[in-house]
Each structure stands twice: as structure tokens, then as C-alpha cells.
Amino acid sequence: MKYVIGVDLGTSSVKTLLVDQQGEIKGEATASYPLIHERPGYSEQNPEEWVNGTIASLQQLLRESGISPLDIEGISFSGQMHGLVLLDEQNNVLRNAILWNDTRTTKECREIEQKLGDGLLKITRNAALEGFTLPKVLWVQKHEPELFARAARFVLPKDYLRYRMTGHVQMEISDAAGTLMLNVAEGKWSEEIVQAFGLPEGFCPPIVGSSEDTGTILPEFAKLSGLSEKTRVFGGGADNACGAVGAGIVREGDAMCSIGTSGVVLTYEEDKNKDFAGKVHFFNHAHPGAFYAMGVTLAAGYSLSWFKDSLAPELSFDEMLKPVADLPPGADGLLFTPYLVGERTPHADSAIRASFIGLSGTHRREHMARAVMEGITFSLAESLELFRQAGINTRRIISIGGGAKNPVWLQMQADIFNTPVVSLKNEQGPAMGAAMMAAVGSGWFDSLKECADKFIGYGKTYEPIPENVATYAGLFKLYQQVYSATRELNQGLQEFRG
Ligand SMILES: Nc1ncnc2c1ncn2[C@@H]1O[C@H](COP(=O)(O)OP(=O)(O)O)[C@@H](O)[C@H]1O
Ligand SMILES: O=C(CO)[C@@H](O)[C@H](O)COP(=O)(O)O
């Protein structure tokens, strides 16, 4: 039997997944690493931690599975998106990576809008957001000019890890899409953007595809990790592209809802000219020539875990959510907006904060828990509404992430989205998508579509219940008013925040 490995380089940990030719999971290992928050709004990581964590995780995977490294044909990656890794001429790391959740770059976003005008959306198909890479590049250029003068090129987190495995500096296309420097429709770096910001020649590395062969394992990395020097290394994908592939989102009409710490609603797109006017993200998919549109709720699962940590720390999620099933849709007139850390879609607003609206003396903890789940789902429904306005019809939505563990929440998603919702039989997240890219690269399948048909099994389908759909449609209209009703209040509260 032959195997592939998917490496999911996340924000808090790296997960490695060993998969055989039937798509069966034969091993799994993880290693954590710290975040560095030197100042409020700053979020950094030392790239060496990613390399060491991956080596430790691979060692454990090989040790526990007992599989011969010679039987591992390929390895590929899923990566946390947007993080800036600056390299000097010899490819040494110049500073800690500035991550996707670092919010120091609001000024740089405004500068990008001013300088590029309409060109920004035309070229990159995305709005300038603090999380994306170009604003981080401009921040270093402005605040650390001496260091920036030594920068020869940049890469993203998983592309750095791949460089350390193979010795080749490249950037994979679905991740390059989140830099705000790529011409997304053409799949090429934008000369106009590179020149507009005076970036050095060769700053943007050569682009590779998700299942493209990028070399073999360097002898020193093989020695440290236990992998064979013969294992082929493939491009990989952005975590959301990999999450989508791992959920089988590889054809038009396919859509995914992921409720992890953050939440994502995503649809597969083949039309490179599909215009969302920057209201949702539009990125290159891992499947060659395809794209995906994506809306993001920053505090999705995080809202529920904040609620649990604050009001039910002694209970498990299942225990806390048990009484929620007995409550009616709408939690007896209680609404929640999940803006605990600001919002991205549809309101890119870092100052907005969450609200409970309609709290009364008869409400108990379970009403509040239900309202939190409904509010998270309403927020994701706002992204779905933007897709519908752009003419996208989704025949069903594949639901993944921690939020898909609860059947009441899955039914709630079907009712609020008014679309059948399907869970996966054996969900493995982005690491599975990465393993599938290695499987295609290794020649096991001709395409990710073919691989998805073999590797991915679907669980139960939750059909919308018409009565609940009608109730939620009424509540959604009220939910949508809460943002504008609380925006100014939250701006006023900003100066009182710690
Ligand atoms: N049993 C459960 N029922 C409902 N929601 C859950 C359950 N377990 C976890 N969650 C939700 O899922 C979130 C974590 O999802 P996960 O996909 O593991 O996140 P990430 O990989 O982004 O850290 C938690 O914040 C919580 O809101
Ligand atoms: O910023 C985005 C997407 O635009 C995030 O999805 C990051 O890519 C990080 O994801 P996790 O590590 O939380 O999965």
C-alpha cells in the first residue's frame, strides 16, 4: 500500500495526516506553537516554530503508524493564509511572521485604496483588509526601513515550510490570491501593484499549482523528520481552499459552511469574471482554473466558546447545548450579533462589538446559548445572501468544523439558509484537502474531482423545515438591523475599551 501526507499548518498548531489510496486515515499527529502578541492588535509567529512543530509531528506520525517512509509517495500542505514571511537574499528569515489576525495595518489599507483606486478591485478582486499580506509589507517598509532594505522576497507560512523541505522558494496560487498582489483572474503577479509600491524585483516568488511537483525532501529535512528523500513534495493550498477540497467542494453548485473559531461560507466558481464588487473574498481555488467566493464571520465558533467559558465553564459543549433543543427558533425573542472581535463580511468593521437584543427576565442560559448559535448562523447567512444576489444558487451546503458536531445546529443551518445541509462522514478538515492534492500530484487520480469522489463520504442531510424557515426569515430581517443600530454606539464605546 502507498500513502500520502497532508500537513495543515494552522494558527495554533500543525496537524499531519497519513492517508492511504482508499482515502482511509492511517495516522494523525499534532504539535502546537505559540502566538506572539507584543502589542494590542499585533499577532506574530516565529517561522522556525512551524518547522520544528512539523518535524515533531511527522516524527510522531511515522513512529505511531509504523509505516515505511519509502511507501509515502507524496506530501502537501494547507496553510494559514496571508501571513508575511520576509526573506533576505540567502532566504534567511528577517523578522517574525506577521499573521492574518494582526490588525496593525488600517492606515496601510487606506493608502492602498488611495493609490490603486478602482484598479485594486479590478486586479485583485478583493478589498484592502488588515488581514491581507500587502498592507503588512507596506507596514514593514514604513516602520522598519532598514530591515526592509534587506528583504529580497516574501513567502506565506506553508510556502516557507515547503521551502525548508525542498530548498526551492515558490508560492502556491490559492494562497498567493490572498496577498492583494495577484491578478486573480489571470493567476499572475500584478506588475502594476509591485511597481506602485516600489517593491524590489523578484520580491514575488514563482507561482506553482496546488498539485504541482515542487521537488523532493532535502537530506537534512529527511534526517530530522524521518521522511524519505524520495517523497515528492506538492504545492498545497490556502487553508480555506484545502478545507473546501476536503469537503468535496470541487464543482459549481457546491457550497460549504465552516464553523470553526472563525466561520466561512464559500462557493465554488468557474467564472473568473463573477463580480462581487469586493463584498466577499474572491480567490483562486486549488482546482486549476477555478475560483471560490468566500464570506467570513470572524467570531463564529469563538462566540460560542466565549459564551461557554464565561457562563458554563464546568460543562462540555454537548452538555451546555442539550436544553437548547427544547427551545423554539428565535429563543423566545432574543437576538445575538457575533461581533466579539469586530467583523469582516458583510460589514468590514473592526470597531463593532456584539450585542444581545431583547434580553428579558424569563430568559435563561439556554436561551442565550440558542441566540448565540442563531446569531452566528445569521451572520453566515448574510454572506450567503450576497452570493444569492450575485446569482449563485447552491443546491446543498456541506457543513464542517466544530459547529457541525451538533445536530440541532445543523438543522438550524438548514432552516436559516433555507437549503439542505449535509455533514461529512469522517471530517478531517484542511489536512485532508492537502493529502488529496498530494494524491493527485502522485498520479493516483487525474483531478481533485476524481479524488473527491473516491475519498469523501457524506453523512446525514438536514432538509429545511418550512415552518422554521418562515420564522427565521422574519427574525433575519430584525437581525440585519442590529448592525446599523449599534454601529455608532460601539464607535462611542471605543475610548472606554481596555
Ligand atoms: N460539540 C460541539 N457542539 C457544538 N459546537 C462545538 C462543539 N465542539 C466545538 N464546537 C464549536 O466549534 C468551535 C471549534 O471548532 P474547530 O473546527 O475545532 O475550530 P478551529 O480548528 O478553528 O480551532 C468551538 O469554538 C465551538 O464553538
Ligand atoms: O484569514 C483567513 C482567511 O481569509 C483565515 O482563514 C486564516 O487563513 C487562518 O485560519 P485558521 O488558522 O483559523 O484556520
Side-chain angles (χ1 to χ4, degrees), residues 8-15 30 32-33 35 43 45 50 77-84 97-103 126-127 129-133 135-136 156-158 174-175 177-180 237-244 246-247 256-266 280-283 292-309 312 315-322 324-325 338 340-341 344-345 348 369-370 372-373 375-377 383 399-413 423-424 427-431 433-434:
D8 174 14
L9 189 73
T11 312
S12 52
S13 62
V14 56
K15 166 173 162 178
T30 55
S32 308
Y33 29 73
L35 279 158
S43 182
Q45 244 158 8
W50 302 330
F77 312 86
S78 160
Q80 49 161 304
M81 295 178 72
H82 316 299
L84 173 68
I98 307 182
L99 303 193
W100 64 278
N101 53 357
D102 185 297
T103 54
N126 286 286
L129 297 181
E130 285 85 348
F132 291 174
T133 323
K136 303 179 197 308
L156 299 170
K158 66 125 183 27
S174 67
D175 233 359
T179 60
L180 224 57
D239 55 4
N240 288 298
C242 290
M256 175 185 97
C257 166
S258 164
I259 301 180
T261 304
S262 62
V264 157
V265 175
L266 175 158
V280 294
H281 307 338
F282 188 73
F283 293 143
Y292 63 94
M294 176 172 98
V296 178
T297 293
L298 285 182
Y302 175 65
S303 291
L304 194 67
S305 51
W306 158 81
F307 182 80
K308 192 181 99 53
D309 293 348
L315 301 184
S316 68
F317 277 107
D318 288 345
E319 286 165 341
M320 180 181 80
L321 298 182
K322 201 160 173 274
V324 163
L340 291 174
V341 292
R344 252 207 221 175
T345 316
R370 183 162 188 122
V372 170
M373 292 160 83
I376 296 162
T377 317
S383 292
S399 187
I400 64 165
K405 288 183 191 161
N406 182 285
V408 174
W409 209 344
L410 287 165
Q411 183 62 52
M412 193 185 280
Q413 290 175 37
S423 58
L424 291 182
E427 193 198 316
Q428 290 297 333

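Numbers for residues simply follow the sequence, beginning at 1. When a ligand or atom number is given, it counts from 1 through the structure's own listing order.
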Are Lys308 and Leu315 close enough that some pair of their side-chain heavy atoms sits under 4.5 Å apart? no

Per atom 14 (C) of ligand 1, closest listed option by heavy atom (Ser303, Gly403, Gly260, Pro407): Gly260

Look at Lys158 together with Asp175 and state whether they make a salt bridge at an N to O cut-off of under 4.0 Å. yes

Where on Val296 is there a heavy atom closer than 4.0 Å to ligand 2, on the side chain, on the backbone, on both, or on neither? neither

Compare all side-chain heavy atoms of Phe132 with those of His281 and state whether any distance is below 4.5 angstrom. yes

For atom 1 (N) of ligand 1, what is the nearest protein heavy atom, given as residue, atom name and distance? Asp318 OD1, 3.1 Å

Do me a favour and list the nearest non-hydrogen protein atom to atom 13 (O) of ligand 2 with residue, atom name and distance? Trp100 CZ2, 3.6 Å

Filtering Ser262, Gly243, Ala404, Gly402 for the heavy atom nearest atom 10 (N) of ligand 1 leaves Gly402

Using 0.5 Å steps for rounding, measure from the CD1 atom of Ile259 to the CH2 atom of Trp409. 4.5 Å

Look at atom OH of Tyr302 and say whether more than 12 heavy atoms of other residues, nucleotides or ligands are closer to it than 6.0 Å. no

With rounding to the nearest 0.5 angstrom, report the NE2 to CG distance, His82 to Leu99. 11.0 Å

Winner among Leu410, Asp239, Thr261 once heavy atoms are compared against atom 19 (O) of ligand 1: Thr261

Under 4.0 Å from ligand 2, counting heavy atoms only, is it the side chain of Thr11, its backbone, both or neither? both

Measure the distance from atom 3 (N) of ligand 1 to every protein heavy atom, then report the residue, atom name and distance (to 0.1 Å) of the closest one. Asn406 CB, 3.7 Å

Identify the protein heavy atom lying closest to atom 27 (O) of ligand 1, giving its residue, its atom name and the separation to 0.1 Å. Gly301 O, 2.8 Å

Does some non-hydrogen atom of Thr261 fall short of 4.0 Å from ligand 2? no

Within a strict 4.5 Å, meaning less than it, do heavy atoms of the Leu9 and Phe77 side chains meet? no

Identity and distance of the protein heavy atom lying nearest atom 26 (C) of ligand 1: Phe317 CZ, 3.4 Å

